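These numbers come from a predicted model, not from an experiment.
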Amino acid sequence: MRHYAHSVIKFQIPQVSRRATGDRYLHLIAFIVFQTYKLNDTLIDTLLFAVQSSLNIAEKAHKESYYQDREHREEKFFILADRLGQSIIGTVSSIKYIIADAILSDREKVAAIDTLLSAQEPNETQVEKQIDTFKKSMATIHRGQDYYDLLEQQSLKLQNRVAEIVRQVQFDPHCRKPELLEAVLHYQQKSGAIDKNAPITFLSQEECVVVTEQNGKFRISLYKVLLYIAIADAIKSGALNLIHSEKYRSLDDYLIPKSEWDIGRDMYLQRAQLEQFTDCAATLQSLNVELDAQYEETNAHFTAGENAFLKLRTNGSFHVTTPKLDETEALSLSTFFPDRKYISLLEVLATVDQTTGFLDELEHWQPKYQPVKPHKKVFFAGIIGYGCDIGHRKLAQISKQINENELDTAVNWYFSLANIHSANDRILQFVDRMELPNLYRQKPDVLHTSSDGQKFEVAVDSLNANYSYKYLGKDKGVSVISFIDMRHLLWHSTVITSAEREAAYVIDGLMHNDVIKSDIHSTDTHGFSEILFGSTYLLKSMFAPRIKGVGRQQLYAFKNRKFYEDLGQTALLPHRVIREALIEAQWDEILRFIATIRLKVATASQLFKRLNSYSRQHPLYQALKEFGKLPKSLFILKYADDPALRQSIEKQLNKVEGSHKFAKAISFGHNHEFIQSEKEDQEIAEGCRRLIKNAIICWNYLFLTRALDEEIDETRKAELIEAIRNGSVVTWQHFNLHGEFDFSDDRMLDSLGLLDPKDKLSEKI
């Protein structure tokens with residue numbers, strides 16, 4: 001459906017009209033369905049953003065009001081405290097005096113106390129009134145009347161933005177909050193013109209009270225705001241879903257259909273390579289044995305004084321330091337590259353294409369339609385225009401021997417996201433077969449990879465852009481997540497909004513292709529979650545993030561803390577016991593979830609975003625998170641015990657940081673900003689940028705391989721090998737990334753005829 005829809009987008013109207021009737025309708029129907037899904041997602045994105053914006057404004061105004069009134073509240077409080085003190089302390093003192101009077105009889109004492117209390121009643125009544133006033137004031141401050149008044153003030157603006165969305169969007173009738181669905185359907189039936197008969201059962205008890213004024217008048221504006229907020233919360237939690245959507249359907253709609261799973265469970269597990277995890281009890285027992293062994297090993301090393309980098313704090317947490325890697329004396333790798341010649345980007349792309357044939361992957365959008373393929377230089381121009389953020393139209397105008405129409409046609413029909421990914425994979429396949437990159441492997445059978453996000457501003461309006469005040473200030477932008485292995489191969493990248501967490505997209509990279517098979521994957525704290533630990537364990541890949549404040553993370557085990565203390569282990573001990581029953585009850589759903597990812601029925605990012613948006617009471621979310629605590633604890637114990645593991649994680653994360661600088665060097669055309677508004681176009685631009693980076697890395701490997709082959713002096717050859725092992729092939733100083741300047745005579749002529757009128761004007765003056 002997506003393919004046919006994009007064909008219509010790429011077609012001109014006459015091209016659509018000339019197609020056969022059945023074929024034409026097929027394309028147009030696919031286009032309508034695709035655009036409907038996309039429109040629904042965009043509308044819901046708008047609704048969620050508008051509701052959150054209104055909530056933020058009301059919250060901010062409420063806080064400002066609170067701080068402005070704090071002096072008045074403090075004055076009232078002191079007056080109340082003073083009166084209470086006078087009333088209570090004075091009365092108690094008088095009663096004590098009466099009781100201590102030896103002259104008075106018991107009856108006389110009771111009568112005197114009664115007279116005293118009767119005289120205090122007017123003052124007590126006044127104090128009680130003050131207390132009631134103070135209580136009402138505090139209730140108003142704490143999410144009270146003034147907060148709802150502020151929300152109501154946002155109603156008109158919010159209605160202008162979302163009223164028609166709520167009225168038109170078709171929600172899934174299978175809703176976990178039927179009271180809310182009833183209110184939504186009533187709203188849609190009345191076309192938003194609701195009255196006091198509107199359903200209010202979805203509101204909280206407090207909200208039900210405030211939507212009706214003391215005189216019985218129904219506050220319609222406030223009701224609508226509360227309805228929109230309830231809808232937004234229900235969509236984010238998964239209680240309310242859409243029928244026609246890619247992003248906001250029920251989680252179950254993304255998974256392998258339950259009926260098919262029940263019938264073909266064994267087949268799905270075999271295809272997804274999950275047979276060893278079929279038995280939940282056996283899987284948990286295996287982790288139990290691993291955890292016990294790791295607790296014993298980590299504690300034994302610390303007790304024996306073999307782990308000098310681990311320090312225990314008095315509050316039960318710990319701190320680890322990572323020793324620097326031993327510095328090796330080696331020549332700088334840059335000294336072996338050409339120092340008197342700058343290699344043009346066009347030459348790099350042409351050379352790597354002749355070696356790898358990556359341009360063969362750029363096929364026409366329609367396989368049956370095979371026009372004469374444009375010249376290679378046209379494709380190179382498109383790659384540079386996209387990857388360097390120059391724009392292919394501008395590039396055509398400032399370049400020689402490139403026709404703008406020809407370039408525009410090539411970009412439109414050949415530059416699909418799938419093609420760009422395949423072109424990158426073609427280069428990766430070639431480099432993967434080379435021997436030289438294996439110098440960067442610490443172990444021949446282990447491939448360490450990493451990923452990290454990098455913020456870029458977006459120069460145009462884009463639904464895929466969002467604010468990130470820490471990195472972008474008041475501008476909107478996106479985050480580009482790049483994946484790199486220890487050989488510096490950039491094997492995947494994706495573009496997300498700057499407000500999203502990177503953790504949801506880590507497995508997308510791990511599942512991206514069959515060229516790079518990660519054994520250990522590292523991220524920083526932004527890419528870490530307990531659910532990710534559980535998922536990567538079942539996908540048979542070790543997750544090894546660098547977690548900020550790792551010593552404050554809680555550890556888990558199948559046995560309580562006392563069990564390990566009785567064994568003489570005193571350093572790192574579990575804080576909590578794993579809830580096995582929670583995992584066992586959802587084990588089949590966990591396997592269906594992982595099989596869906598492995599078999600690429602849906603992307604991991606789709607599933608994680610939908611699952612993470614659910615409330616914490618969702619059983620699958622709880623079970624997968626609980627299971628993830630086991631490999632997380634196992635990793636933290638290894639991390640605290642093994643300095644070499646920490647060093648390898650730091651080294652690998654430094655490589656992805658270096659690739660960020662590489663990206664900035666290539667993205668020079670528009671001040672490091674994306675000039676595309678659509679997410680897919682941004683992905684294509686990022687894919688082309690990655691293609692340029694991989695081509696430069698491949699060229700460097702080719703150059704160094706030839707240098708080694710031609711070197712006769714064994715000493716010089718050993719120096720080069722050491723320089724490669726201790727350096728980085730992600731180097732670009734010997735390349736001309738910015739193009740060439742034309743100083744020919746015809747470029748100095750006035751092309752717009754500005755000189756003639758200026759000369760005539762000066763003569764008149």
Side-chain donor-acceptor pair present, [X], [Y], cut-off under 3.5 Å:
{"X": "Glu683", "Y": "Thr494", "value": "yes"}
{"X": "Ser493", "Y": "Glu686", "value": "yes"}
{"X": "Asp425", "Y": "Gln429", "value": "no"}
{"X": "His526", "Y": "Asp452", "value": "no"}
{"X": "Ser462", "Y": "Gln682", "value": "yes"}
{"X": "Asp508", "Y": "His492", "value": "no"}

List the steps, then state whether ring-ring contact (aromatic ring centres under 6.0 Å, His included) holds for His512 with His421. CA-CA 9 Å; His512 173 65; His421 283 330; 5.0 Å; yes
For residues 7-16, which side-chain N or O atoms pair as donor and acceptor with protein atoms under 3.5 Å away, sequence neighbours left out?
residue : atom : partner : partner atom : Å
Ser7    : OG   : His3    : O            : 3.0
Ser7    : OG   : Trp365  : NE1          : 2.5
Lys10   : NZ   : Asn412  : O            : 2.5
Gln15   : OE1  : Gln12   : N            : 2.7

Identify which one of His488, His448, His521 satisfies the ring-ring contact (aromatic ring centres under 6.0 Å, His included) criterion when paired with Phe483. His521
Working to the nearest 0.5 angstrom, can you tell me the gap between [X] [atom1] and [Y] [atom2]?
{"X": "Ser399", "Y": "Phe380", "atom1": "OG", "atom2": "CZ", "value": "14.0 Å"}
{"X": "Ser422", "Y": "Asn424", "atom1": "OG", "atom2": "CG", "value": "9.0 Å"}
{"X": "Ser451", "Y": "Leu490", "atom1": "OG", "atom2": "CG", "value": "12.0 Å"}
{"X": "Ile724", "Y": "Leu436", "atom1": "CD1", "atom2": "CG", "value": "4.5 Å"}

So [Y] and [X], do their side chains get closer than 4.5 Å, heavy atoms only?
{"X": "Ile420", "Y": "Leu362", "value": "yes"}
{"X": "Ile484", "Y": "Thr449", "value": "no"}
{"X": "Leu539", "Y": "Leu510", "value": "no"}
{"X": "Arg441", "Y": "Leu447", "value": "yes"}
{"X": "Ile384", "Y": "Phe379", "value": "no"}
{"X": "Thr536", "Y": "Met542", "value": "no"}
{"X": "Glu502", "Y": "Asp524", "value": "yes"}
{"X": "Ile343", "Y": "Trp699", "value": "yes"}

Tell me, with the steps shown, if Phe528 and Lys548 meet side chain to side chain contact (heavy atoms under 4.5 Å, CB included). CA-CA 10 Å; Phe528 141 75; Lys548 185 178 180 180; over 6 Å; no
Assert yes or no for the condition that the ring centre distance of His6 to Phe31 is strictly below 6.0 Å. no
For Phe668 and His738, I'd like to know if the aromatic rings sit close, meaning centre-to-centre distance below 6.0 Å. yes
Nearest heavy-atom pair of [X] and [Y]: which atoms, and what distance?
{"X": "Ile507", "Y": "Ser535", "value": "CD1-CB, 3.5 Å"}
{"X": "Ile675", "Y": "Ala459", "value": "CG2-CB, 4.4 Å"}
{"X": "Gln606", "Y": "Glu246", "value": "NE2-O, 4.1 Å"}
{"X": "Gln454", "Y": "His660", "value": "NE2-O, 3.0 Å"}
{"X": "Cys388", "Y": "Leu345", "value": "SG-CD2, 4.0 Å"}
{"X": "Val656", "Y": "Ser450", "value": "CB-OG, 3.8 Å"}

Would you find more than 12 non-hydrogen atoms of other residues, nucleotides or ligands less than 6.0 Å from [X] atom [atom1]?
{"X": "Glu347", "atom1": "CD", "value": "yes"}
{"X": "Lys651", "atom1": "NZ", "value": "no"}
{"X": "Asp745", "atom1": "CG", "value": "no"}
{"X": "Asp709", "atom1": "CG", "value": "yes"}
{"X": "Glu435", "atom1": "CD", "value": "no"}
{"X": "Gln401", "atom1": "CD", "value": "no"}
{"X": "Tyr4", "atom1": "OH", "value": "no"}
{"X": "Leu463", "atom1": "CG", "value": "no"}

Within 45° of the ring axis of [Y] and under 6.0 Å from its six-membered ring centre, is that where the NZ or CZ of [X] lies?
{"X": "Lys664", "Y": "Phe456", "value": "yes"}
{"X": "Lys247", "Y": "Tyr37", "value": "no"}
{"X": "Lys455", "Y": "Phe674", "value": "no"}

Mind running side chain to side chain contact (heavy atoms under 4.5 Å, CB included) on Ile721 and Leu708 for me, showing each step along the way? CA-CA 8 Å; Ile721 291 174; Leu708 280 172; 3.8 Å; yes
Please determine whether side chain to side chain contact (heavy atoms under 4.5 Å, CB included) holds for the pair Glu361 and Asn419, giving the CA-CA distance in whole Å, both sets of side-chain angles, and the decisive distance to 0.1 Å. CA-CA 6 Å; Glu361 300 294 338; Asn419 285 351; 5.7 Å; no
Under-4.0 Å salt bridge between Glu678 and Lys38: yes
May I ask you to decide whether Arg487 forms a salt bridge with Asp485, counting only side-chain N to carboxylate O separations under 4.0 Å? yes
Does Glu457 form a salt bridge (charged side-chain N to carboxylate O under 4.0 Å, His left out) with Lys476? I'd like the steps, not just the answer. CA-CA 6 Å; Glu457 291 183 17; Lys476 287 186 176 183; over 6 Å; no
Do the rings of Trp413 and His364 sit parallel, tilted or perpendicular, given the 30° and 60° boundaries?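 Rings of Trp413 and His364: parallel, under 30°.
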Check the orientation of Tyr467 and Tyr469. Use parallel for under 30°, tilted for 30 to 60°, and perpendicular for over 60°.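 Plane angle under 30°, so parallel.
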Checking Asp389 against Arg689 for the salt bridge (charged side-chain N to carboxylate O under 4.0 Å, His left out) test, could you report, in this order, the C-alpha distance in whole Å, the side-chain angles of both residues, the deciding distance, and whether it holds? CA-CA 9 Å; Asp389 290 324; Arg689 185 184 300 134; 2.8 Å; yes
Go through the steps for Tyr342 and Phe735 under the test ring-ring contact (aromatic ring centres under 6.0 Å, His included), then give the verdict. CA-CA 5 Å; Tyr342 288 97; Phe735 295 106; 9.5 Å; no
Assess whether side chain to side chain contact (heavy atoms under 4.5 Å, CB included) is satisfied between Thr523 and Phe543, documenting all intermediate values. CA-CA 8 Å; Thr523 68; Phe543 186 44; 3.7 Å; yes
Who are the side-chain hydrogen bond (donor to acceptor under 3.5 Å, both in side chains) partners of Glu500, not counting sequence neighbours? Thr497, Tyr505
